[in-house]
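Below, all heavy atoms of this structure are taken into account, side chains as well, without hydrogens, waters or symmetry copies.
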Amino acid sequence: QVQLVESGGGLVQAGDSLRLSCAISGPTTKVYPMAWFRQALGKQREFVAMIDWSGTKKYYAASAQGRFTISRDNAKNMVYLQMNSLKPEDTAAYYCAAAGREDDLRSRNRADYWGQGTQVTVSS
């Protein structure tokens with residue numbers, strides 16, 4: 001069974017940066033596209049960024065475009081989300097997701113695997 005473990009969350013001030021990491025374990029040959037989602041208190045889980053297996057195709061939510069960068073290191077079985085210029089509205093639990101086939105992972109319904117989440121809190 002594929003397992004995803006996020007790390008790197010924390011409490012920061014507006015304008016600061018954070019880098020989230022997602023470690024992939026298990027049969028990693030079954031993992032293709034990866035994505036980050038987030039869920040703020042009382043809201044639905046929403047798409048943040050997606051990257052294909054090769055790392056050449058990346059997609060971002062409008063709220064993340066220009067501030068966040070998704071990347072992956074397949075040799076290390078890691079996916080990252082670099083978040084710059086953080087805003088209070090970025091406060092949420094951030095989840096790593098993966099699909100076991102080439103797919104459009106911008107929809108949470110396409111994910112086969114989820115991590116447990118890491119909390120990001122941005123103070124004003």
Side-chain angles (χ1 to χ4, degrees):
Q1 180 73 4
V2 172
Q3 291 187 324
L4 308 176
V5 179
E6 304 95 333
S7 61
L11 172 62
V12 297
Q13 293 187 330
D16 285 351
S17 297
L18 273 178
R19 188 176 84 151
L20 305 183
S21 299
C22 175
I24 310 162
S25 62
T28 56
T29 53
K30 294 184 178 181
V31 171
Y32 294 94
M34 300 288 299
W36 288 94
F37 288 77
R38 68 185 183 187
Q39 187 167 16
L41 200 60
K43 295 188 176 182
Q44 286 192 336
R45 192 168 297 188
E46 64 177 11
F47 168 75
V48 176
M50 172 195 160
I51 187 167
D52 72 345
W53 186 88
S54 67
T56 57
K57 295 181 181 179
K58 302 177 184 181
Y59 304 95
Y60 297 94
S63 58
Q65 188 75 45
R67 298 188 300 127
F68 295 2
T69 301
I70 189 170
S71 61
R72 69 189 297 166
D73 185 335
N74 289 337
K76 296 182 179 179
N77 294 324
M78 297 291 295
V79 176
Y80 306 99
L81 185 68
Q82 177 67 42
M83 305 186 295
N84 299 328
S85 303
L86 283 163
K87 305 174 182 180
E89 50 264 42
D90 294 318
T91 294
Y94 283 71
Y95 297 89
C96 180
R101 64 206 168 278
E102 289 294 351
D103 206 340
D104 186 349
L105 205 45
R106 286 174 285 186
S107 169
R108 63 181 183 270
N109 296 326
R110 298 289 192 178
D112 295 312
Y113 312 105
W114 290 95
Q116 82 291 347
T118 185
Q119 179 67 35
V120 172
T121 303
V122 184
S123 64
S124 58

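For residues 103-112, the salt bridge (Lys or Arg N to Asp or Glu O under 4.0 Å) pairs, not counting sequence neighbours, are Arg101-Asp103, Arg101-Asp112, Asp103-Arg110, Asp104-Arg106. Screening residues 45-106 for disulfide (SG to SG under 2.5 Å), with sequence neighbours left out, gives Cys22-Cys96. Within the structure, side chain to side chain donor-acceptor pair (under 3.5 Å) pairs that include any residue of residues 88-98 comprise Arg38-Asp90, Arg38-Tyr94, Arg67-Asp90 (at least two apart or interchain).
Ser124 meets the side-chain hydrogen bond (donor to acceptor under 3.5 Å, both in side chains) test with no other residue; sequence neighbours excluded. Among residues two or more places apart in sequence or in another chain, the side-chain hydrogen bond (donor to acceptor under 3.5 Å, both in side chains) test is passed with Ser17 by Asn84.
The main-chain N or O of Asn77 is never found under 3.5 Å from a side-chain atom of Asn74 such that the two would form a donor-acceptor pair. In this structure, Ser123 contributes its side chain and Val12 its backbone to a donor-acceptor pair below 3.5 Å. Judged purely by atom type and a 3.5 angstrom limit, Tyr60 uses its side chain to pair as donor or acceptor with the backbone of Ile70.
Heavy atoms only, all atoms of each residue included: Ser54 and Asp52 are closest at OG-OD2, 3.1 Å. Of all heavy-atom pairs spanning Leu105 and Phe37, the tightest one is O-CZ, 3.2 Å. Taking every heavy atom of both residues into account, Pro33 and Met50 meet most closely at CB-CE, 3.9 Å. Shortest non-hydrogen contact noted between Val79 and Arg72 is CG2-CB, 3.9 Å.
Rounding to the nearest 0.5 angstrom, the gap separating the CE atom in Met34 from the OG atom in Ser71 is 11.0 Å. Between atom CD of residue Glu46 and atom CH2 of residue Trp36 there is a gap of 14.5 Å, rounded to the nearest 0.5 Å. Distance check: Ser85 OG to Asp16 CG gives 9.5 Å after rounding to the nearest 0.5 Å. Here the CD atom belonging to Glu6 is positioned 9.5 Å from the CH2 atom belonging to Trp114, to the nearest 0.5 angstrom.
Each of Thr118, Val120, Leu20, Ile51 was compared with Leu81 under the side chain to side chain contact (heavy atoms under 4.5 Å, CB included) criterion, and only Leu20 meets it.
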**Request:** Could you give me the CA-CA distance, side-chain angles and deciding distance for Tyr59 and Val48, then say whether side-chain contact (heavy atoms from CB on, under 4.5 Å) is met?
**Result:** CA-CA 8 Å; Tyr59 304 95; Val48 176; over 6 Å; no
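Applying the 6.0 Å contact sphere to CD of Glu102 captures more than 12 heavy atoms from other residues, nucleotides or ligands.
Members clustered with Tyr80: Met78, by chain and number, using a 4.5 Å side-chain heavy-atom cutoff among hydrophobic residues.
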